[in-house]
2 protein chains.
Amino acid sequence: MSNPEQASEPERVRAPNIRDVARVAGVSYQTVSRALNDSPSIRPETLARVQAAIDELGYRPNQAARALVTSRSRTIGVLAAQTVHYGPATSIQAIETAAREAGYRLSITNISSSEYASIKAGLDHLMAQSIEALIVIAPQVRVFEALKDLQLSVPFVTLEATGLNTAHSLWVDQIQGARLATRHLIDLGHTEIMHLSGPQDWIEAEARMQGFLRELGDADLRTRAPILGDWTAHFGYYAGLELLRYRDFTAVFCGNDQMALGFMHACRESGLRVPEDISVVGFDDVPEAAHFAPPLTTVRQNFAEIGRRTIEVLLGELRGETGLSHEPVQPELIVRQSTARLA
Amino acid sequence: MSNPEQASEPERVRAPNIRDVARVAGVSYQTVSRALNDSPSIRPETLARVQAAIDELGYRPNQAARALVTSRSRTIGVLAAQTVHYGPATSIQAIETAAREAGYRLSITNISSSEYASIKAGLDHLMAQSIEALIVIAPQVRVFEALKDLQLSVPFVTLEATGLNTAHSLWVDQIQGARLATRHLIDLGHTEIMHLSGPQDWIEAEARMQGFLRELGDADLRTRAPILGDWTAHFGYYAGLELLRYRDFTAVFCGNDQMALGFMHACRESGLRVPEDISVVGFDDVPEAAHFAPPLTTVRQNFAEIGRRTIEVLLGELRGETGLSHEPVQPELIVRQSTARLA
DNA sequence: GCCGGTGATGTGTACGTTCACATCGTTGGG
DNA sequence: CCCAACGATGTGAACGTACACATCACCGGC
């Protein structure tokens, strides 16, 4: 009766813990703990015995217990929108890989709308998991408001922003990218240039718009009000059909490649040729852009690099390092066949 | 000295726990616990007091502690590959939303290659988090092998498979989808039809290939060896350039929309018109497909529906329900302008 | 030959929660 | 009018780990 170890009872299978490992290895549980956290003061011989016991039992450290006692969840939260698009998806993938290598997990929460309530609910869900850091890939303007409300206390980073909030953002120089695209069109002789922008509460949409307007301003060209879209090919198509009825422009800079695709579709339907009649530039360089009809001139962003650097910065901040260099990732103009010199 | 409550010391901010809440509400910690788990036996009045205390303190339940004692992580693991593509990305998003609503978290692990070692490492990483269930969106043939090795003991579901492994897979009837696409081409009078397949270790690639071959067989048409690709537009393009040199076929059924896009690019470069000279069908119906040149005839899969049903099935299994109906999601042929009657 | 120091290992405790069980007051039936 | 039953609430323990500290053997220097 007093011996709980009698093995006659099948007794609900329980995962082995460090005490089980310790018993098998003939050491104390604390020694096992040391082995797991590669403490310097443990004899190689002892370490080997513990390791053998671990393998024998198929022991896995219990993350929950570990998180409880250290009060470190080893989880990074990601607040995301539009993850189906190439840019966010690629960044998240790179972030996940880098985080995993650093021993962190990712917890991704998608927000369905950019309603304030939806954003707040998403943040709430993440905070409930006691995330150690936050990455925002979403309409950031509104997210910032929600962050203030929640008085959140973890380091956070936003992707693909403007550098306005340098303390917390790691960014591709979107303004520069937009300037490259616009300059390219100007160099080709275009003076009447249109811009199909992303939604205004996305900082990157705002940045691309800024870059476009500044470059136009620097060249003393007429600036027109950009059209605010929603990043989708459908929008590019319908906006294109509408705009092309007037056709008082010869080039279009689109806020992303999807909208450019839709726009070129509208051109075909309107009987216009790209690039002979209209030049089109995109943004992102999705892998498909090289195979559009015609292959799309666009601005390449190294999303994978962004993802890696995001984690790098964040981990540094978690370690207490400060004043890290948040140098912007530089975008690159990829010239293909959707742009041509003005006839 | 004996009073630890004296507030003079700033004393490291610690998040409030149920005991703090209990003290403020004037009840025992167990009553707070009951309030949190909406136990039936608690007076509405008491519940209100507890709720007020929770709000006052900004208390959040500690998930780690909860997971430790219940040994339920409330985490579902996702082993994924190619998450940048529309299908997987859409499914994951739907899965995340459905999981969140059910109170579960998602832990996504991307595998970089389909090497056995990479898959095993990914699974290991997931198991280390004591996931309660597993969802596989990856080259499943190899994953199955790894699963056996790890003697994994959680319910799992694979997406988009063939129904071969009915106990564990929730699936779109890919074979049926492929048959629809192939039949469409046959109905248009094509007899020499090519197939650009996905990688062979992806079950959905295999299934689409099967559907293609069977439909051809049923129509007593010559079957040709499908070309094994990698899902990318680049592959579709280069394969197209190669295949079109002989041009001993009049129609192509592509394993996904990206490859179809690349293939149509190759057609243009080879001076062939789609659909006049060559008919092309894709698979997936990515949102951009409607704006390809020409708009692509393809097979629509309801990825969001798949995601929702996946969680539904998995949660049922976690609750111990069995024999759930795993009815396949039916795909739908979307006819656009990339296919035409054989001249 | 004793003692301080050090390297290796062991013991007690806390983290925040839920579960099993105990307790208490109230109600209703015989 | 008493006691069983029940509803509401409280107490003790356990989950598995890491941290702080205690212990122990051993070493070298005086």
Side-chain angles (χ1 to χ4, degrees), chain A residues 4-5 11-51 53-54 57-75 103 127-130 132, chain B residues 4 11-51 53-54 57-75 103 105 127-130 132:
Chain A
E5 304 230 354
E11 182 181 330
R12 191 147 203 78
V13 275
R14 181 181 53 79
N17 61 23
I18 46 171
R19 288 188 150 89
D20 298 323
V21 175
R23 201 175 312 125
V24 171
V27 297
S28 77
Y29 59 81
Q30 173 61 345
T31 301
V32 176
S33 174
R34 273 189 268 264
L36 292 171
N37 299 291
D38 40 47
S39 151
S41 61
I42 183 170
R43 275 188 311 167
E45 181 188 320
T46 313
L47 179 62
R49 265 221 317 287
V50 172
Q51 193 56 54
I54 287 176
L57 295 175
Y59 165 80
R60 290 175 186 283
N62 182 315
Q63 302 288 354
R66 197 173 259 187
L68 177 59
V69 70
T70 58
S71 59
R72 299 196 52 194
S73 64
R74 295 219 152 252
T75 300
M127 296 313 290
Q129 298 171 51
S130 53
E132 290 184 38
Chain B
E11 180 182 332
R12 190 150 202 77
V13 273
R14 182 181 53 80
N17 60 24
I18 47 170
R19 289 188 150 87
D20 298 324
V21 175
R23 202 174 311 124
V24 171
V27 296
S28 77
Y29 58 83
Q30 174 61 342
T31 301
V32 176
S33 174
R34 272 189 268 265
L36 292 171
N37 299 291
D38 39 49
S39 149
S41 60
I42 184 171
R43 275 189 310 165
E45 180 189 321
T46 313
L47 178 62
R49 268 223 313 286
V50 172
Q51 193 55 54
I54 287 175
L57 295 176
Y59 164 80
R60 288 176 187 282
N62 182 316
Q63 302 288 352
R66 197 173 262 188
L68 177 60
V69 69
T70 59
S71 60
R72 300 196 50 193
S73 63
R74 297 219 150 249
T75 300
R105 280 184 289 285
M127 296 313 292
Q129 299 171 48
S130 53
E132 290 184 39

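Note that the structure is predicted; figures quoted are calculated from it, not measured.
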Minimal heavy-atom distance between B/Leu68 and A/Ala65, with the atoms involved, is CD1-CB, 3.6 Å

Under a 4.0 Å heavy-atom cut-off, which of residues 35-43 of chain B touch DNA chain C?
-> B/Asn37

What pair of heavy atoms forms the shortest contact from B/Pro61 to B/Leu36, and how long is it?
-> CG-CD2, 4.4 Å

Shortest non-hydrogen pair, B/Pro16 vs B/Tyr59, comes out as O-CD1, 3.2 Å

Taking every non-hydrogen atom, the tightest pair across A/Val27 and A/Thr46 | CG1-CG2, 3.9 Å

Range on DNA chain D touched by chain A - first to last nucleotide, heavy-atom distance under 4.0 Å | D/dG16 to D/dA20

Using the C1' atoms of five pairs at each end, what's the angle between the two axes of the helix from C/dG1-D/dC30 to C/dG30-D/dC1, to 10 degrees?
-> 50°

Correct closest heavy-atom pair for B/Val24 and B/Leu57 would be CG2-CD1, 3.8 Å

Sugar-phosphate atoms are those with a prime plus P, OP1 and OP2; base atoms are the rest. Using that split, label each nucleotide of nucleotides 20-28 of chain C B, S or - for protein heavy atoms under 4.0 Å, 5' to 3'.
-> B--------

Between A/Ser73 and A/Ala67, which heavy-atom pair has the shortest distance, and what is it?
-> CA-CB, 4.3 Å

Under 3.5 Å: donor-acceptor pair, side chain of B/Asn37, backbone of B/Ser39 = no

For A/Asn17, what residues pass the side-chain contact (heavy atoms from CB on, under 4.5 Å) criterion, not counting sequence neighbours?
-> A/Arg14, A/Arg19, A/Asp20

The reported gap from CD in A/Gln129 to OG1 in B/Thr75 (rounded to nearest 0.5 angstrom) is 7.5 Å

CE on B/Met127 to CZ on A/Arg60, rounded to 0.5 Å = 6.0 Å

Atom pairs under 3.5 Å, N or O on each side, protein against nucleotides 13-15 of chain C: can you list them with distances?
none

